[in-house]
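Okay, so here's the structure we're looking at.
These figures come from a predicted structure and were not determined experimentally. Any value given below was found using the heavy atoms of this structure, including those in side chains, with hydrogens, waters and symmetry copies removed.
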Amino acid sequence: MALPLTTDQPDRTVAPSERTIARNFLLARMGSFLAIFPLGVWTANHLWNQLAAFAGPRSWEQSVTAHSNPATAALTFTVVMVPLAWHAGWGMVRLAKTRTSTARNISNLRYWLQRASALGLLAFLGAHLWLAWIQPRFVLGRPEPFSDIAREMRHHTPTLIVYMLGILAISYHLANGLWSFATMGWGIAVSKSAQTWFERLALVVFVVLLAIGWASIYALYQAGA
């Protein structure tokens with residue numbers, strides 16, 4: 001009598017090396033996907049909302065720090081923090097396995113810039129999450145006020161520099177990640193012409209995100225005068 005097939009046991013007919021390759025392929029796909037959906041989309045929207053600083057404190061607080069109810073805050077946490085933790089962990093594992101290459105070309109430079117921007121982002125996001133979210137909400141018991149961040153941007157030069165570099169890292173990492181997602185990640189752009197098109201699109205995304213982010217910083221800097 002044949003035993004029924006089960007899904008909770010590994011397939012012993014597949015060589016371990018092949019199972020490892022399949023697992024790594026799945027993890028890479030998942031990490032790449034979460035980097036764009038929903039994390040990349042939310043990041044772009046978050047940068048866009050920062051432009052409300054041009055409209056004044058009330059508009060900025062409603063767009064950036066206000067939550068209509070606890071459920072909205074919990075949803076934001078789930079949509080953002082869970083994919084962020086997954087992507088960061090997946091990225092650190094890949095970074096640890098990275099082998100140094102002596103090749104001097106654009107692709108290799110882009111590869112290392114992506115890794116360097118990831119490390120910078122980890123440090124920036126750690127500080128940003130503490131100062132802009134964890135400390136105000138869970139230590140002080142209120143959302144971050146517009147006056148606090150505007151004052152820091154205007155009168156604390158290290159904060160201004162860190163935020164400018166953080167936006168630069170975010171813009172590059174997300175734009176280059178979009179290109180990687182479409183080419184090496186999910187094989188959407190296979191032909192050389194399609195890859196070139198996505199490369200141009202990534203450049204546009206980088207410039208637009210950088211312009212939005214730095215414009216928001218300028219608005220906060222002006223408001224802190």
Side-chain angles (χ1 to χ4, degrees), residues 31 34-55 57 59-67 72-92 95 113-178 205-206 208-224:
L34 291 177
I36 303 299
F37 307 101
L39 194 55
V41 174
W42 185 90
T43 299
N45 183 67
H46 184 63
L47 288 176
W48 175 262
N49 288 340
Q50 298 288 336
L51 291 175
F54 283 102
S59 179
W60 183 87
E61 290 174 357
Q62 288 180 342
S63 298
V64 178
T65 62
H67 292 289
T72 304
L75 178 62
T76 301
F77 177 85
T78 303
V79 169
V80 178
M81 297 307 297
V82 173
L84 177 60
W86 173 280
H87 183 69
W90 168 72
M92 292 304 294
L95 186 62
L113 284 176
Q114 185 74 348
R115 268 60 188 168
S117 65
L119 291 175
L121 272 179
L122 279 178
F124 171 74
L125 288 176
H128 178 62
L129 286 172
W130 169 257
L131 295 172
W133 182 54
I134 299 174
Q135 185 185 50
R137 292 184 182 273
F138 301 104
V139 177
L140 302 178
R142 43 100 173 136
E144 181 186 28
F146 179 84
S147 57
D148 283 7
I149 189 171
R151 182 181 63 253
E152 289 295 313
M153 290 294 182
R154 182 77 184 196
H155 301 289
H156 192 245
T157 303
T159 297
L160 177 64
I161 294 174
V162 166
Y163 267 82
M164 291 186 68
L165 292 177
I167 295 299
L168 177 63
I170 288 172
S171 302
Y172 178 83
H173 196 77
L174 182 54
N176 191 65
L178 178 63
V205 170
F206 168 72
V208 170
L209 291 177
L210 186 64
I212 291 174
W214 281 1
S216 303
I217 291 176
Y218 173 77
L220 291 168
Y221 178 86
Q222 289 294 97

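- Judged by distance alone, the side chain of Ser59 and the main-chain N or O of Ala55 form no donor-acceptor pair under 3.5 Å.
- With contacts defined as side-chain heavy-atom distances shorter than 4.5 Å, the pair Val64/Gln50 qualifies.
- In this structure, NE2 in His87 is found 8.0 Å from CD1 in Ile36, a value given to the nearest 0.5 Å.
- The shortest non-hydrogen separation linking Arg137 to Ala66 is NH2-N, 4.4 Å.
- Partner of Pro38 under the side chain to side chain contact (heavy atoms under 4.5 Å, CB included) criterion, out of Val79, Val80, Thr43: Val79 alone.
- Here the shortest heavy-atom pairing between Ser171 and Phe206 reads C-CD1, 3.5 Å.
- Atoms CG and CG, from Leu220 and Asp148 in turn, are 11.5 Å apart once rounded to the nearest 0.5 Å.
- Here the straight-line distance linking atom CG of Leu174 with atom CG of Leu210 works out to 12.0 Å at 0.5 Å rounding.
- To the nearest 0.5 angstrom, Glu61 atom CD is 9.0 Å from Glu144 atom CD.
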Donor-acceptor list for residues 122-134 side chains, cut-off 3.5 Å, not counting sequence neighbours:
{"from": "His128", "atom 1": "ND1", "to": "Tyr163", "atom 2": "OH", "distance (Å)": "2.8"}

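- Counting all heavy atoms, side chain and backbone alike, Leu51 lies closest to Ile212 at CD2-O, 3.7 Å.
- Annotation for Ser63 and Asn49: closest pair O-ND2, 3.6 Å, computed over non-hydrogen atoms.
- Tyr172 OH to Leu113 CG: the interatomic distance, rounded to the nearest 0.5 Å, is 4.5 Å.
- A donor-acceptor contact shorter than 3.5 Å links the side chain of Gln114 to the backbone of His173.
- Scanning both residues, Thr159 and Glu152, for their nearest heavy atoms gives OG1-OE1, 3.6 Å.
- Taken to the nearest 0.5 Å, the CH2 atom of Trp48 stands 11.5 Å off from the CG atom of Leu209.
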- Message: Could you go through Arg151 and His156, starting from their C-alpha distance and side-chain angles, then the distance that decides it, and tell me whether this counts as side chain to side chain contact (heavy atoms under 4.5 Å, CB included)?
- Response: CA-CA 8 Å; Arg151 182 181 63 253; His156 192 245; over 6 Å; no

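- In plain terms, the two heavy atoms of Ala53 and Ala219 that are nearest each other are CB-CB, 3.7 Å.
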